Novice: 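One structure follows; several queries about it will come next.
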Protein chains: 2
Amino acid sequence: MPIKSMHEPTFMILTALASGPQHGYGIVNDVSGISGGRVKLRAGTLYTALDRLRADGLVELDREEIADSRLRRYYRLTAAGSERLAEEAARLRGNARVAMMRLQSNSGMAGA
Amino acid sequence: MPIKSMHEPTFMILTALASGPQHGYGIVNDVSGISGGRVKLRAGTLYTALDRLRADGLVELDREEIADSRLRRYYRLTAAGSERLAEEAARLRGNARVAMMRLQSNSGMAGA
DNA sequence: TTGATATATACCGAGCGTCGGTATATGTTT
DNA sequence: AAACATATACCGACGCTCGGTATATATCAA
């Protein structure tokens, strides 16, 4: 069966991890930055997604640290996670391309 | 509030209509084609989405025809629908770009 | 002529992922 | 003392899609 399409928050989490391991809160901030403030990950979304991505083998635990007596749990992309993200990115780019081409070739059609 | 992100089937329906009015079944076939067979719109998804998009003012009824004693209901993008699709396409392209850049700069990191 | 496939519309329950809120806990800033 | 940032995690509600079903006509194959 064809690969099911991914939601934006999930895609952004994988993208955040594509530049190296990060902990949950770091992902939230990174995603906010790379999306121009558009995607504000909710705690519920983040940790639910992280658990799901781990179960799917796309993300795994990197290490745990204690910073200022607060736990930091770092996650990283697996090889499968990188592949999956690459596929998704290619799909998004393709979809964007088709839409833009069609919009452009019909840009002057109002009322025609 | 920021514009909520759109799911792939919805995006594809708008894209299909970006090249001109089409009826429901035509949209299904068009979307299958432009997605390389990846997105097979279900009847439930299509008509539910069409109703929602009409309620949101992104799509409107174009005309109705009878072909071979079967009803054909044509839909078209509104100006708001075109704008919305353009925004979405730009967003997708941006997301794909960030993901690809990050994957590329980390392409040789396995085991590092 | 019976069944399968294509065209064409539409509804419905189930499932999944996100949203929004809440809880817990520590450190810093006002 | 209150507010805010850091940091994790759970939970109910909501929305969109999935998968199945229903209806109806036309064509094509067994």
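These figures come from a predicted structure and were not determined experimentally. Throughout, protein chains are lettered first and strands after them, A, B, ... in sequence-line order, and every chain is numbered starting at 1.
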Novice: From the set C:dA10, C:dG17, D:dA9, return the single nucleotide nearest to any side-chain atom of A:Arg52.
Specialist: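 From the listed options, C:dG17 comes nearest.
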Novice: Closer than 4.0 Å, any side-chain N/O of B:Thr45 to the OP1 or OP2 of D:dC16?
Specialist: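 No, because none of the side-chain N or O atoms of B:Thr45 sits under 4.0 Å from OP1 or OP2 of D:dC16.
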Novice: For the side chain of A:Thr10, counting heavy atoms from C-beta on, which of C:dA10, D:dA9, C:dT18 is nearest?
Specialist: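 Minimum distance to the A:Thr10 side chain belongs to C:dT18.
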Novice: Hey, does the side chain of A:His23 come within less than 4.0 Å of D:dA7's phosphate (OP1/OP2), counting only N and O?
Specialist: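 Checking A:His23 against D:dA7: at least one side-chain N or O falls below 4.0 Å of OP1 or OP2.
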Novice: Would you say B:Gln22 and B:Leu17 make side-chain contact, with heavy atoms under 4.5 Å?
Specialist: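 They are in contact (side-chain heavy atoms under 4.5 Å apart), so the answer is yes.
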Novice: On DNA chain D, nearest-nucleotide positions of A:Tyr74 versus A:Thr48: which is more 5'?
Specialist: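 First, find each residue's nearest nucleotide; the 5'-ward one identifies A:Tyr74.
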Novice: With a 4.5 Å heavy-atom cut-off, do B:Leu50 and B:Arg73 have their side chains touching?
Specialist: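 No; the side chains remain at least 4.5 Å from each other.
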Novice: Return the nearest nucleotide to the side chain of A:Ser69; candidates are D:dA26, C:dG27, C:dT9.
Specialist: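 The answer is C:dG27.
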Novice: Please state how far atom CD1 in B:Ile13 lies from atom P in D:dC18, giving the value in whole angstrom units.
Specialist: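 In whole Å, D:dC18 P and B:Ile13 CD1 are 10 Å from each other.
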Novice: D:dC10, C:dA10, D:dT6: which one has an atom nearest the side-chain heavy atoms of B:Tyr75?
Specialist: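 Closest of the options to the side chain of B:Tyr75: C:dA10.
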Novice: Judged by each residue's nearest nucleotide on DNA chain C, which is more toward the 5′ side, B:Leu46 or A:Arg42?
Specialist: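 Upstream on the strand: B:Leu46.
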Novice: Run the salt-bridge test on A:Arg91 and A:Glu87 with the 4.0 Å N-O cut-off and return the result as yes or no.
Specialist: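 So A:Arg91 does not pair with A:Glu87 through a salt bridge.
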Novice: So, does the side chain of A:Arg70 form a donor-acceptor pair with the base of D:dT6 at under 3.5 Å?
Specialist: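 Yes, the side chain and the base share a sub-3.5 Å donor-acceptor pair.
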Novice: Among the nucleotides C:dT18, C:dC11, D:dT17, which one has an atom lying closest to any side-chain atom of A:His7?
Specialist: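 The listed nucleotide nearest to A:His7's side chain is C:dT18.
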Novice: With a 4.5 Å limit on heavy-atom distance, are the side chains of A:Ile66 and A:Leu71 in contact?
Specialist: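 A:Ile66 reaches A:Leu71 side chain to side chain.
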Novice: Counting just side-chain N and O atoms, does A:Arg73 come under 4.0 Å of either OP1 or OP2 of D:dA7?
Specialist: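 For D:dA7, neither OP1 nor OP2 has a side-chain N or O of A:Arg73 closer than 4.0 Å.
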Novice: Please classify the nucleic acid contact of A:Gly24 as base, sugar-phosphate, or nothing, using heavy-atom distances under 4.0 Å.
Specialist: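 Sugar-phosphate only.
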Novice: On DNA chain C, check which nucleotide each of B:Arg72 and A:Lys40 is closest to and give me the residue with the more 5' one.
Specialist: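 In this pair, the answer is B:Arg72.
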